[in-house]
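All residue numbers in this chain count up from 1 along the given sequence.
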Amino acid sequence: MTKKTDNNKKKAAIIVQHLAKGGAEASAARLSIGLSNLGYDVTLIIFHSLIEYEYKGNIISLNIDFLEKNLLQRIFLFFKKIRTVSRIKKQNSFYTCISFMENANFINILSKQKEKLIVSTRNDIELMLKSLPFYKKFFMKTLYKKVFAYVLISKKMKQDAVKLLKIKPDKTKLLYNPINNQKIKDLAGRDAGKYSCIFKHPVLVNSGRLSGQKGQWHLIRIMKILLKDFKELKLILLGYGDGDLKEYLVNLSRTLGLKTYAEWENASINDDYDVYFTGFLKNPYSLIARSKIFLFPSISEGLGNALIEAMICAVPVISSDCKTGPRDILAPDTDCNKTAETPEHAPFGILMPPFNDSLKTSDEITDTTETMWINTIKELLNNNEKREMYALSAEKRGYDFDVHKIIQGWTDIIESE
């Protein structure tokens, strides 16, 4: 797309909860940079002032949060958001308003003026419809029919938008998350800092919130078995230490007899631990790039930014074949409705049978799925040639998600009739 002149900028609003922690928020921030670089006049409307990601454009923070509010207060604040965003839209006459995730999407639609409405869902639609309260299900099934375009981030989600939400197929658009490949590569090449000592040993790594969706408890249980054959092996769990399973995961690791480091306990770092909880790192890529294998045991995903980012770091990946995301990434030419029942050596990584979401204790025996993961990890650790092959193919596949390619898809939607 030709860059616009300063005298002819189209105003674009991006509406999102905040600009930190999540994949949707990262995508919104990257979209703001991409659209700004193409000449759009970008305004980010955020509900509260949590900002960690780099962005470009004007920021309007509503400073409205639902946390620790009762039902009546939440309803009041919901309508306050609609009124406030409606007023902002009237003042700015936006050409398009793009929102990410359901809470922002509902506000975007209900505050509509004359702009092109574009909304985006970033999580498994089928799972959301099973777990969301009735009023959010109702909003999804009614309000989303009114938008100009509905952007989804996996083939299965696009299919479910038509099948379960009854959205017209021509309104549904598939656009993967934009990833800044060059920035990740630059960061991956930097020193691992105080964690450098760990990489005297072979390392398995995972990145994600410490929450039920991410399935890390299976990796901890798997690690206990792997240490019998790979005594020097280390497991690093990157990501926020404020997830709802933080204490459970650390306790599980220690109950299994694993030497466990947790960044938030202020212990001194050394290479004598088996499992490392690092908390949030500004540069996780320097650790990922030095690891032998990236493990992705998610129970559910929208797409899986962390998986793509590991591939850009040229690390072989073993991933759960959960309902949406990983199959698009690792086996893009296969049926999105297929689920691996045994290890599937796909073109860009290994897809594994997904885990269930039942938390496990330290004394439960290893189940069939965990055993398949253990054997597959062992096989890849012992096969340097296969690891190198998957590292190269993963890195090549990562370029398909580069921010420049994905932003072009967004502009195509914005400028379409």
Task: Steps toward side chain to side chain contact (heavy atoms under 4.5 Å, CB included) verdict (Leu381, Lys292) - done: CA-CA 7 Å; Leu381 283 171; Lys292 295 291 185 184; 4.1 Å; yes

Open item on the list: To check you understand the geometry: which heavy-atom pair defines the closest contact between Gly304 and Ile329, and what is its length?
Closed with: O-CD1, 4.0 Å

Open item on the list: Less than 3.5 Å apart, any donor N or O on the side chain of Gln408 or Asp412 sitting next to an acceptor on the other?
Closed with: yes

Open item on the list: With side chain to side chain donor-acceptor pair (under 3.5 Å) as the test, pick out the partner of Tyr95 among Glu115, Lys11, Lys116, Lys9.
Closed with: Lys116

- [ ] Taking the side chain as every heavy atom from C-beta outward, state whether Cys336 and Lys158 have any atom pair closer than 4.5 Å.
- [x] no

Open item on the list: With a sphere of 6.0 Å drawn around CD of Glu52, does it hold more than 12 non-hydrogen atoms of other residues, nucleotides or ligands?
Closed with: yes

- [ ] Output yes when Lys156 and Glu301 qualify as a salt bridge under the 4.0 Å nitrogen-oxygen rule, no when they do not.
- [x] no

Open item on the list: One pair to check against salt bridge (charged side-chain N to carboxylate O under 4.0 Å, His left out): Glu263 and Lys194. What are the steps and the verdict?
Closed with: CA-CA 11 Å; Glu263 173 67 21; Lys194 69 179 183 180; 3.0 Å; yes

TODO: Compare every heavy atom of Pro284 with every heavy atom of Leu281, then report the nearest pair and how far apart it is.
DONE: O-CD, 3.4 Å

Open item on the list: Taking Gly398's backbone N and O only, do any of them form a donor-acceptor pair with Asn181's side chain (distance below 3.5 Å, no angle check)?
Closed with: yes

Open item on the list: Nearest 0.5 angstrom please: Leu35 CG to Asp41 CG, how far?
Closed with: 11.0 Å

Task: Close side-chain approach of Pro354 and Thr339, heavy atoms under 4.5 Å - done: yes

Open item on the list: Under a 3.5 Å distance rule, please check whether Lys171 uses its side chain to pair with a backbone N or O of Val147 as donor and acceptor.
Closed with: yes

Task: Side chain to side chain, Pro326 and Phe296, heavy atoms closer than 4.5 Å - done: yes

Open item on the list: Give me the atom names and distance for the closest heavy-atom approach of Lys155 to Asp328.
Closed with: N-OD2, 2.9 Å

Open item on the list: Does any part of the side chain of Asn123, heavy atoms only, come nearer than 4.5 Å to the side chain of Ser300, both counted from C-beta?
Closed with: no

Task: Side-chain heavy atoms of Ile299 within contact of Ser320, under 4.5 Å - done: no

Open item on the list: So, taking the atom named CG in Leu249 and the one named CG in Leu210, what distance separates them when rounded to the nearest 0.5 Å?
Closed with: 5.5 Å

Task: Over 12 non-hydrogen atoms of neighbours within 6.0 angstrom of NZ in Lys378 - done: yes

Open item on the list: Is the shortest side-chain heavy-atom distance between Leu252 and Leu245 below 4.5 Å?
Closed with: no

Open item on the list: Between Met140 and Leu132, is there a side-chain heavy-atom distance shorter than 4.5 Å?
Closed with: yes

Task: Interatomic spacing from OG in Ser49 to CG in Leu62 - rounded to 0.5 Å - done: 8.5 Å

- [ ] May I ask you to decide if Lys56's main-chain N or O and Ser32's side chain share a donor-acceptor pair within less than 3.5 Å?
- [x] yes

Open item on the list: Please check this pair: side chain of Gln216 against backbone of Arg209, looking for a donor-acceptor N/O pair closer than 3.5 Å.
Closed with: yes

Task: Closest non-hydrogen atom pair between Asp244 and Gly212, with its separation - done: OD1-N, 3.9 Å

Task: Side chain Tyr53, main chain Gly22, donor-acceptor under 3.5 Å - done: yes

Open item on the list: Do Glu102 and Thr121 pair up side chain to side chain, a donor and an acceptor below 3.5 Å, judged on atom types alone?
Closed with: yes

- [ ] Report yes or no: do Tyr55 and Glu25 form a side-chain donor-acceptor pair below 3.5 Å?
- [x] no

- [ ] Consider only side-chain N and O atoms of Arg30 and Asn177, and report whether a donor and an acceptor are under 3.5 Å apart.
- [x] no

- [ ] May I ask you to decide if Asn70's main-chain N or O and Gln73's side chain share a donor-acceptor pair within less than 3.5 Å?
- [x] yes

TODO: For Trp217 and Ser358, indicate whether the former's side chain and the latter's backbone hold a donor-acceptor pair under 3.5 Å.
DONE: yes

- [ ] Examine the side chains of Glu388 and Tyr390 and answer whether a donor and an acceptor come within less than 3.5 Å of each other.
- [x] no

Task: Residues Glu364, Arg221: salt bridge by 4.0 Å N-O rule - done: no

Open item on the list: With no hydrogens and no angle check, just 3.5 Å: does a side-chain donor-acceptor pair link Asn105 and Tyr144?
Closed with: yes

Task: Distance in Å, Leu31 CG paired with Ile98 CD1, rounded so as to fall on 0.5 Å steps - done: 5.0 Å

Task: Under 3.5 Å side-chain donor-acceptor pair for Glu54 and Asn180 - done: no

Task: Test item: Ser36 side-chain N/O and Ile33 main-chain N/O as donor-acceptor pair under 3.5 Å - done: no

Task: Between Arg387 and Asn384, a side-chain donor and acceptor under 3.5 Å - done: yes

Task: Flag side-chain contact, heavy atom, 4.5 Å: Pro353 against Met372 - done: yes

- [ ] Using atom types as modelled and distance alone, determine if a side-chain donor or acceptor of Arg290 lies under 3.5 Å from a backbone N or O of Ser286.
- [x] yes

Open item on the list: Surrounding CD of Glu265 (heavy atoms of other residues, nucleotides or ligands, distance under 6.0 Å), is the total greater than 12?
Closed with: yes

Task: Interatomic spacing from CD1 in Ile46 to CD1 in Ile64 - rounded to 0.5 Å - done: 11.5 Å

TODO: Go through Phe348 and Asp400 one step at a time and tell me if the side chain to side chain contact (heavy atoms under 4.5 Å, CB included) criterion holds.
DONE: CA-CA 12 Å; Phe348 304 109; Asp400 292 334; 5.7 Å; no

TODO: Start with the C-alpha gap between Ile88 and Thr84, add the side-chain angles, then the distance that decides, and say whether side chain to side chain contact (heavy atoms under 4.5 Å, CB included) holds.
DONE: CA-CA 6 Å; Ile88 293 168; Thr84 305; 4.1 Å; yes

Open item on the list: Looking only at the side chains, is there a donor atom on one of Ser253 and Thr260 sitting less than 3.5 Å from an acceptor on the other?
Closed with: yes

TODO: Quick one: sort the Phe139 and Phe106 rings into parallel, tilted or perpendicular, breaks at 30° and 60°.
DONE: perpendicular

- [ ] Examine Lys81 relative to Phe47 and say whether NZ or CZ is less than 6.0 Å from the centre of the six-membered ring and inside a 45° cone about the ring axis.
- [x] yes

Open item on the list: Checking the side chain of Thr43 only, and the main-chain atoms of Asn58 only, is there a donor and an acceptor separated by less than 3.5 Å?
Closed with: no

Task: Option passing salt bridge (charged side-chain N to carboxylate O under 4.0 Å, His left out) with Lys259 (candidates Asp272, Asp274, Asp271) - done: Asp272

- [ ] Answer yes or no: are there more than 12 heavy-atom neighbours, outside Lys89 itself, under 6.0 Å from its atom NZ?
- [x] yes

TODO: Kindly compute the distance separating CG (Leu238) from OG1 (Thr278), expressed to the nearest 0.5 Å.
DONE: 4.5 Å

Task: Stepwise salt bridge (charged side-chain N to carboxylate O under 4.0 Å, His left out) test for Lys163 and Glu126 - done: CA-CA 10 Å; Lys163 179 181 176 182; Glu126 186 175 6; over 6 Å; no

Open item on the list: Taking ring-ring contact (aromatic ring centres under 6.0 Å, His included) as the cut-off, I'd like each qualifying pair that reaches into residues 167-215, sequence neighbours left out, listed once.
Closed with: Tyr176-Phe401

- [ ] Tell me, with the steps shown, if Leu227 and Leu258 meet side chain to side chain contact (heavy atoms under 4.5 Å, CB included).
- [x] CA-CA 9 Å; Leu227 282 171; Leu258 299 171; 3.4 Å; yes

Task: Non-hydrogen atoms of Leu152 and Ala161 that approach each other most closely - done: CD2-CB, 4.1 Å

